[in-house]
Amino acid sequence: MATVQIHNTLTKELEPIEPKHGEGKTLSLYTCGPTVYAHAHIGNFRAYVFEDLLQRHLQERGFMVRRVMNLTDVDDKTIRGAHAAGIALAEFTRPFKEAFFEDAKTLRLLPAEAYPEATDPKQITRMIAMIGTLMEKGHAYQAEDGSVYFRIASFPGYGKLARVDLENQRSGQRVASDEYDKEAVADFALWKAWVPEDGAVGWESPWGRGRPGWHIECSAMATGLLGETIDIHCGGVDNIFPHHEAEIAQCECVGAKPFVRYWMHCAHLMVEGSKMAKSAGNFFTLRDLLTQGWTGREVRYALISVHYRGALNFTLDGLAAARTALGRLDAWRERLVETAGSETTSETPAPATEGFFAALDDDLNISSALAVLFETLRETNRRMDEGAWTPAHARGMLNWLVRVDGVLALEPDAITTIPYEVEELVTARAAARTAKEWKKSDEIRDQIEALGWLVKDTKDGQKITKG
RNA sequence: GGCGGGGUAGCCAAGUGGUAAGGCCGGGCUCUGCAAAAGCCCCAUGCGACGGUUCGAUUCCGUCCCCCGCCUCCA
């Protein structure tokens with residue numbers, strides 16, 4: 001079997017992915033999900049699309065991937081949003097959860113095995129249990145303000161992922177307001193004591209009413225659903241510190257085992273060359289793009305086509321390029337289908353096409369993989385131009401494309417049926433063309449276009465496509 | 001200041017110690033009544049700057065410049 005190698009943030013090295021001993025071919029994958037206080041933006045989706053590509057390629061290579069993605073449905077922002085809207089927290093987050101799943105479907109993301117929610121009583125119970133263990137072991141303490149904090153000084157491994165040296169950190173103003181009762185500035189909250197602004201939001205715990213800190217949430221859900229040591233944990237680079245560092249500290253202090261074997265992080269996304277920000281007016285949700293007429297797969301292509309560890313400059317030009325490239329792939333696919341006809345061979349094409357998957361084995365080198373795809377496209381078209389291709393050749397190539405689609409998920413949307421109205425016009429136009437009534441033919445073509453369909457004349461007659 | 005990711009054609013972007021994949025744009029051609037679509041072909045003596053090592057560097061070493069991100073709850 002081919003070896004999939006990935007860049008591990010923890011070691012900074014390219015490492016072959018292997019399941020844990022005794023796990024067969026199963027890999028556990030935990031991916032940090034959205035905080036449901038608003039619609040996820042394309043920067044969020046860049047991460048999710050990258051994770052989807054990872055999962056799909058691992059599956060293509062024969063692994064069973066058990067993926068979990070959490071939903072953060074309680075934090076400062078969700079509480080603030082619910083309060084501002086004058087509704088209960090769950091009521092406030094529900095539409096954003098639903099929207100997230102819709103968007104994920106639009107981008108063709110494979111569903112995870114589970115989407116645990118932070119407010120799920122089962123999860124809260126687990127978080128409280130973990131905090132209890134940390135307290136018993138001296139890794140946590142309750143401060144004057146009632147909140148429970150993780151004692152970073154008690155965990156020598158703190159900083160190994162982000163390679164931070166706490167002594168050397170610039171002390172930011174951002175923490176100033178939050179420092180009150182902590183033993184050390186860097187200690188982070190495990191359990192946040194209830195404050196009046198929390199309103200009805202809160203759970204009882206041995207340390208009083210309150211709510212979980214963000215980091216413990218992921219730690220509890222990841223280990224609760226996937227076990228003490230999970231194989232792969234993904235997220236955006238901005239999560240490396242402090243979020244993932246904190247997760248390591250919590251999990252490895254509760255149990256003695258390593259928390260994660262392979263850490264993978266994708267770089268940020270920029271829009272038109274600058275950081276995406278609401279204030280800069282370059283902030284996009286998927287919905288914004290759909291409204292502008294772009295499709296889910298076009299956005300998926302734009303997000304997937306740049307290597308995950310490089311910054312992705314998301315532009316309208318890039319989307320347009322995605323549209324054109326997809327159009328070429330579609331036309332090629334259609335031509336293959338026509339050439340293949342009713343041929344049903346299960347033969348596969350030349351070994352050269354395996355280069356597509358081999359490229360992805362190398363830390364998901366999508367650029368090289370796409371290069372193989374487009375080189376294959378050009379080569380096959382050349383052969384078909386020469387008339388040198390048999391239906392079996394074409395069918396073989398389509399068999400390969402099925403595997404490619406399993407990883408890229410860029411196949412065309414289901415074909416929409418041509419309306420009767422349009423069919424009638426096409427028939428009328430065919431008659432006009434046989435009679436060489438070009439003027440009439442052109443008029444009918446305009447009518448068809450007005451209905452949103454495109455006509456092209458080929459040597460085999462008219463071809464209709466959605467405009 | 002610390003840590004990390006980058007600087008390759010108009011734009012996006014792989015890659016290699018021996019003279020630069022792919023996509024978009026652009027140009028040419030083919031098909032065609034015309035058009036559109038599509039197909040084929042062409043398109044970087046150059047890989048941030050300057051030194052060094054080498055028969056040879058974009059690729060290795062050194063110095064420097066620039067961009068982006070993180071530095072305590074933003075993917």
Side-chain angles (χ1 to χ4, degrees), chain A residues 9 12 31-35 40-51 72 75-77 152 159 162-172 174-175 178-179 185-189 192 213-215 217 234-243 245-246 265-270 273-277 301-302 305-307 309-315 317-328 330-332 334-335 359 362 365-375 377-378 381-382 384-386 433 436-439 441-442 445 449 454-459 463 465 467:
Chain A
T9 310
K12 284 172 71 178
T31 53
C32 287
T35 300
H41 55 70
I42 51 169
N44 300 117
F45 282 114
R46 198 259 167 121
Y48 307 146
V49 166
F50 140 64
E51 289 152 2
T72 298
D75 79 322
D76 290 349
K77 283 178 295 217
I152 282 176
R163 297 184 159 66
V164 293
D165 171 7
L166 291 175
E167 303 300 305
N168 225 334
Q169 291 301 294
R170 177 184 282 187
S171 51
R174 290 165 65 170
V175 289
D178 212 43
E179 290 178 37
V185 185
D187 289 351
F188 56 87
K192 305 179 92 159
W214 179 40
H215 312 308
E217 176 199 312
C234 298
V237 282
D238 53 332
N239 273 166
I240 295 174
F241 194 87
H243 186 50
E245 199 66 62
H265 294 93
C266 69
H268 266 223
L269 167 147
M270 297 194 294
S274 32
K275 184 176 178 173
M276 182 168 72
Y301 187 99
S305 60
V306 174
H307 184 75
R309 281 193 292 120
L312 164 60
N313 188 14
F314 190 87
T315 64
D317 279 354
L319 276 173
R323 175 170 288 178
T324 310
L326 285 168
R328 271 183 79 199
D330 292 350
W332 175 52
E334 206 176 307
R335 192 177 178 188
D362 179 20
N365 190 334
I366 188 71
S367 294
S368 290
L370 288 174
V372 173
L373 178 60
F374 281 99
E375 272 163 10
L377 176 151
R378 193 148 24 81
N381 273 326
R382 218 180 281 138
M384 288 191 281
D385 282 352
E386 290 164 1
R433 294 180 61 73
K436 295 199 186 299
E437 293 170 21
W438 305 125
K439 188 150 187 275
S441 166
D442 291 352
R445 180 167 62 203
E449 278 172 19
L454 286 181
V455 180
K456 53 180 173 174
D457 296 311
T458 72
K459 58 179 182 299
K463 282 247 156 46
T465 51

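Within every chain, numbering begins at 1; the chains are lettered A, B, ... in the order of the sequence lines, protein sequences first and strands thereafter.
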Rounded distance in Å - [atom1] ([X]) to [atom2] ([N]):
X	N	atom1	atom2	value
A/H307	B/G15	NE2	C1'	13 Å
A/E245	B/G4	CD	P	13 Å
A/D385	B/C41	CG	C1'	12 Å
A/L373	B/A14	CG	P	17 Å
A/N44	B/A75	CG	P	5 Å
A/L319	B/G23	CG	P	19 Å
A/I42	B/C74	CD1	P	19 Å
A/N381	B/C29	CG	P	21 Å

If we take the [atom1] atom in both [N] and [M], what is their distance in whole Å?
N	M	atom1	result
B/G10	B/C43	C1'	12 Å
B/A37	B/U19	P	39 Å
B/C24	B/C41	P	13 Å
B/C61	B/U54	P	16 Å
B/G28	B/A35	P	14 Å
B/G26	B/A14	P	24 Å
B/C65	B/A49	P	15 Å
B/C60	B/G56	C1'	13 Å

Which part of the nucleic acid, if any, lies within reach of [X] when heavy atoms closer than 4.0 Å are counted: base, sugar-phosphate only, or nothing?
X	answer
A/L269	base
A/H268	base
A/H265	nothing
A/R382	sugar-phosphate
A/G235	sugar-phosphate

**OP:** Indicate yes or no for a side-chain donor-acceptor contact from A/E51 to the backbone of A/T31 under 3.5 Å, with no hydrogens or angles considered.
**Re:**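 No; zero donor-acceptor contacts below 3.5 Å.
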Original post:
Distance-only, no hydrogens or angles: does the A/R46 side chain make a donor-acceptor pair with backbone N or O of A/A267 under 3.5 Å?
Top reply: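 Indeed, once roles are kept as given, a pair shorter than 3.5 Å links the two residues.
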Contacts of type salt bridge (charged side-chain N to carboxylate O under 4.0 Å, His left out), residue [X], not counting sequence neighbours:
X	answer
A/D238	none
A/K439	A/E443
A/D330	A/R297
A/D362	none

Set out, line by line, the N/O atom pairs under 3.5 Å between protein and nucleotides 19-22 of chain B.
from  : atom 1 : to     : atom 2 : distance (Å)
B/A21 : O2'    : A/E375 : OE2    : 2.5
B/G22 : OP1    : A/R378 : NH2    : 3.3

What residues form a side-chain contact (heavy atoms from CB on, under 4.5 Å) with [X], not counting sequence neighbours?
X	answer
A/A325	A/Y301, A/F374
A/E375	A/R378
A/R309	A/H7, A/H307, A/D363
A/N313	A/M270, A/T315

Subject >> First encountered from the 5' end of RNA chain B, between A/N365 and A/A189 >> reply: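 Nearer the 5' end of the strand: A/N365.
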Original post:
Sequence neighbours excluded, which residues qualify as ring pair (Phe, Tyr, Trp, His ring centres under 6.0 Å) partners of A/F50?
Top reply: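 Ring pair (Phe, Tyr, Trp, His ring centres under 6.0 Å) check on A/F50 returns A/Y308.
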What nitrogen or oxygen pairs link the protein and nucleotides 5-12 of chain B at under 3.5 Å?
from : atom 1 : to     : atom 2 : distance (Å)
B/G5 : O2'    : A/R309 : O      : 3.3

**OP:** Consider the side chain of A/A186, meaning its heavy atoms from C-beta on, and name the nucleotide among B/A75, B/U72, B/C3 that approaches it most closely.
**Re:**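 Within the option list, the nearest is B/U72.
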Original post:
Quick one: which of B/U72, B/G23, B/A75 gets closest to the side chain of A/F188?
Top reply: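 Of the options given, the side chain of A/F188 lies nearest B/U72.
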Original post:
Can you find a pair of side-chain heavy atoms, one from A/P34 and one from A/N44, that are under 4.5 Å apart?
Top reply: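 SC-SC contact between A/P34 and A/N44 ruled out.
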Original post:
Quick one: what's the B/S/- string for nucleotides 32-37 of chain B, heavy-atom cutoff under 4.0 Å, read 5' to 3'?
Top reply: -BBBBS
**OP:** Could you tell me which non-hydrogen atom of A/M276 sits nearest to which non-hydrogen atom of A/G43, and how far apart they are?
**Re:**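 Result for this residue pair: CE-N, 3.7 Å.
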Subject >> For B/U59, the Watson-Crick or wobble partner whose two distances fall under 3.5 Å >> reply: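 When the pairing criteria are applied, nothing turns out to pair with B/U59, so the answer is none.
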**OP:** Provide the Watson-Crick or G-U wobble partner of B/C70, both distances under 3.5 Å; none if there is no partner.
**Re:**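 Paired with B/C70, as far as the under-3.5 Å criterion goes, is B/G2.
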**OP:** Can you label the angle between the A/H243 ring and the A/W214 ring as parallel, tilted or perpendicular, going by 30° and 60°?
**Re:**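 Parallel: the ring planes of A/H243 and A/W214 meet at under 30°.
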